[in-house]
Amino acid sequence: MNTEKATPGRHFIRQIIDEDNRTGKWGGRVVTRFPPEPNGYLHIGHAKSVCLNFGMAREYGGVCHLRMDDTNPVKEEMEYIEAITEDVRWLGFDWGEHFYYASDYFEQMYEYAVELIKQGKAYVCALSSEEWKEYRGVPERPGRESPHRNRPVDENLDLFARMRAGEFPNGSLVLRAKMDMASPNLHMRDLVLYRILHARHPHTGDLWCIYPTYDYAHCLEDSIEGITHSICTLEFEVHRPPYDWILDQLGIHHPQQIEFARLNLTYTVMSKRKLLELVKEKHVQGWDDPRLPTVRGLRRRGVTPASIRNFCERVGVTKYDSLTDVALLEHCIREDLNKQAPRALAVLNPVKLVIENYPEDAEENFEAVNNPEDPSAGTRKIPFCRELYIDRDDFMEDPPPKYFRLAPGREVRLRYAGLVTCTDVAKDAATGEIREIRCRWDPDSRGGAAPDGRKVKGTIHWVSARHAGDAEVRLYDRLFTVEEPDAEADYRAHLNPDSLKTVAAKVEPALMEAGPGTHWQFERVGYFYADHVDSRAGSPVFNRTLPLRDSWAKSRERSAER
RNA sequence: UGCCGGAUGGUGUAAUGGUAGCACAGCAGACUCUGGAUCUGUGAGUCUAGGUUCGAAUCCUAGUCCGGCAACCA
């Protein structure tokens, strides 16, 4: 367990900050921001960015702002603003009083635009978007100047004011920066600063009918907030020149934009479009479906914030567009849950086991350890009687070599209870299905110890038929059957048909009281989460977070391949 | 075909001119009242070709391959 707090890698962003601090570039200040557009739910890729931005601020004694980048009212909604805020907080980060809306700066941005016009650096253009496509041209050759490029300043000022006043319909005019029509970077070819959008904004309401574009707005948001390190993903690299250009023209505080590679994970998709399709087309049950890589999905799956943070630290930060094996995430989840989750006994696929030499009317309690990784978690009593349930997988009539569990004539340990030997098995005459397994137990092994020190390889879990509760258990598996669904012609053709199986389980009494939102390890089975949406007192619903590592199953798979 | 970025074991990352290291995954073993956890061991890598240098993953040159960019999205 030496993974925790291993020396954090000096990734390139840390190196930049170190260098800035050394030269005194920002006077030792570190101000970052996480600027989501409130048009969708956060996923684990966003979580990487959240961890990076808040993480750097925390590490260097700075601050990180949470800012809604709400410059496009037709796509953004209040619902998302609340969800994002909640998710960032759930991930374990605190922005203090630094919660902002880009839209709060609209007036200031407008004034800066007027200034650019006065400087002769911006003009009102009447070209339609189709016409502009023509003028802008292709990367290989310079574009042509807009016929409105040299409109007099006064006229620009007048038109821009009237755009704001609502005199023109959507799309009729835009405000453009006068940059460089010959630039090989298309984003430097007189990009649009403002467009007309007669739309109600979730935060500013009907105050505006012109809205700034990303390129214009983002650098100003960063500048106004005094951001020092503006961290974003690789695809914004080509937007850095306009970012720098605008701030240079205005001569205002100029943060440094730094790009890093976004997170990609195997066996899932991460794009907003695909996530939306999965939800809309009902391939999953909602944005918080435990099979989704959304923050809410992971939460409902039973993934802890700590394991997500640890994972984000361990994937590192580079400019290389990589595909991270989901096994690393799973490792981080198990590592955390192994330490935290109390153990319990639950039988997912029950079959009855009768102990012939245990009296019908008797019962007793055995003491079980709550968490072998954490002695302070204490112990609990689990009831035992003549009739139990065990898992069907733990019995085989004709077992293969190295099968340590129950079989005719074989002895196994019932976890915490004692040793039993299988004497007989009753089957359904018609189907051949096993109805009941009969055993005799060794009273000297009461509690589980082998009385004479004899070796009993197998230990299986069980619940008392008389005392067991019924619980719905949802067995989740990866959503896709291929490592890289994004690389497929139609990612939907590779959905895993078995990504969810629901079973009726028999569980020990302690689990019937499991509070919604609690994490458990069902011994020998996996980690489970008492669903905070569907679980009710007395009728718990458990979502499987992950199965336990299973070297037996693995060796079976291997021999099956041969 | 223009510009920008990138390339280290299967995967992710470190080494910033001086022994290519770590983690995940894999394999083998030890231990175990969870076939869990833990512990030990182990295979596997610098895109290619030149050059500079006592010495190159690192610097230079040329090439190869991969990603991004042509919304009035962010």
Side-chain angles (χ1 to χ4, degrees), chain A residues 1-3 6-7 9-11 15 35-37 39 69-72 74-76 125 127-129 132-133 136-141 143 170-176 183-189 191-197 211 213-215 217-218 232-241 259 261 266 272 314-332 334-335 338-339 343 345 368-369 372-373 402-405 413-419 445 447-450 456-461 483 521-526 548-555:
Chain A
M1 208 70 65
N2 48 1
T3 47
T7 316
R10 305 313 294 173
H11 59 63
Q15 290 176 28
E37 182 189 15
N39 71 343
D69 204 2
D70 55 350
T71 57
N72 187 354
V74 306
K75 295 172 88 176
E76 295 149 9
C125 180
L127 252 26
S128 70
S129 56
W132 175 248
K133 227 174 183 170
R136 185 195 46 216
V138 292
E140 294 85 342
R141 289 183 304 279
N170 287 357
S172 56
L173 295 174
V174 294
L175 184 72
R176 268 184 204 297
S183 171
N185 180 345
L186 262 13
H187 298 279
M188 287 300 284
R189 322 247 265 226
L191 61 82
V192 171
L193 267 25
Y194 272 91
R195 75 277 212 195
I196 298 171
L197 241 34
Y211 291 93
T213 56
Y214 168 83
D215 284 295
H218 206 88
C232 61
T233 46
L234 248 31
E235 70 269 25
F236 291 97
E237 224 151 13
V238 286
H239 295 258
R240 181 153 29 90
E259 309 88 9
T266 54
K272 273 182 185 171
R314 285 164 75 155
V315 293
V317 181
T318 65
K319 292 174 90 88
Y320 175 67
D321 189 16
S322 59
L323 177 62
T324 298
D325 191 340
V326 74
L328 180 61
L329 206 215
E330 295 175 346
H331 168 81
C332 293
R334 290 194 179 99
E335 184 177 64
N338 177 46
K339 282 179 291 186
R343 272 54 170 177
L345 302 186
V369 172
E373 303 292 320
K402 299 217 181 125
Y403 183 80
F404 303 152
R405 285 110 97 153
R413 173 179 292 108
L414 294 173
R415 179 82 159 149
Y416 298 123
L419 306 177
S445 69
V456 179
K457 262 292 208 185
T459 297
I460 65 174
H461 58 283
E483 271 206 335
Q521 184 199 99
F522 293 177
E523 291 208 35
R524 303 210 308 129
V525 181
L548 245 31
R549 286 186 61 206
D550 185 348
S551 55
W552 164 248
K554 194 171 284 176
S555 74

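Throughout, a chain's letter reflects where its sequence line sits, starting with A, and its residues are numbered from 1.
Under the ring-ring contact (aromatic ring centres under 6.0 Å, His included) criterion, A/Tyr403 pairs with A/Trp552, not counting sequence neighbours. Taking A/Asp321 as the reference, A/Asn264 meet the side-chain hydrogen bond (donor to acceptor under 3.5 Å, both in side chains) condition, with sequence neighbours excluded. When the salt bridge (Lys or Arg N to Asp or Glu O under 4.0 Å) test is applied to A/Arg195, no partner is found at least two apart in sequence or on another chain. With sequence neighbours excluded, the residues forming a side chain to side chain contact (heavy atoms under 4.5 Å, CB included) with A/Glu483 are A/Thr266, A/Tyr267, listed by chain and number. A/Arg334 pairs by the side-chain hydrogen bond (donor to acceptor under 3.5 Å, both in side chains) definition with nothing, not counting sequence neighbours. In this view, A/Pro372 and A/Arg343, A/Val369 satisfy the side chain to side chain contact (heavy atoms under 4.5 Å, CB included) rule, not counting sequence neighbours. With sequence neighbours excluded, no residue forms a side-chain hydrogen bond (donor to acceptor under 3.5 Å, both in side chains) with A/Ser322. In terms of the side-chain hydrogen bond (donor to acceptor under 3.5 Å, both in side chains) criterion, residue partners of A/Lys272 (sequence neighbours excluded) are, by chain and number, A/Asn39. By the ring-ring contact (aromatic ring centres under 6.0 Å, His included) test, A/His461 is found to be paired with no residue, residues two or more places apart in sequence or in another chain being considered.
In RNA chain B, runs of at least 3 stacked Watson-Crick or G-U pairs (N1-N3 plus N6-O4 or O6-N4, or N1-O2 plus O6-N3, all under 3.5 Å) give these stems: B:2-7 with B:64-69, B:10-13 with B:21-24, B:26-30 with B:38-42, B:47-51 with B:59-63.
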Tabulated below should be each protein N or O lying under 3.5 Å from an N or O of nucleotides 56-58 of chain B; please produce it.
none

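Residue A/Ala261 is classed as having no contact, given no heavy-atom separation below 4.0 Å to the nucleic acid.
Between A/Thr71 and B/C73, a side-chain N or O to OP1/OP2 separation shorter than 4.0 Å is absent. Contact check, A/Arg189 against B/A70: no side-chain N or O comes under 4.0 Å of OP1 or OP2. Contact check, A/Arg10 against B/U13: no side-chain N or O comes under 4.0 Å of OP1 or OP2. Residue A/His331 places at least one side-chain N or O under 4.0 Å from the OP1 or OP2 atom of B/C24.
Between the side chain of A/Arg314 and the base of B/U13, no donor-acceptor pair of N or O atoms lies under 3.5 Å.
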Item to check | Letter per nucleotide, 5' to 3', of nucleotides 2-9 of chain B [B base touched, S only sugar-phosphate touched, - untouched; heavy atoms, 4.0 Å] | outcome: BSSSSS--
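Here B/C22 presents its C1' atom at 12 Å from CG of A/Leu328, a figure rounded to the nearest Å.
Taking a 6.0 Å sphere around NZ of A/Lys133, one finds it holds 12 or fewer heavy atoms contributed by other residues, nucleotides or ligands.
A stacked arrangement is not assigned to A/Tyr214 and the six-membered base ring of B/A74, the conditions of a centre distance below 5.5 Å and an interplanar angle below 30° not being jointly met.
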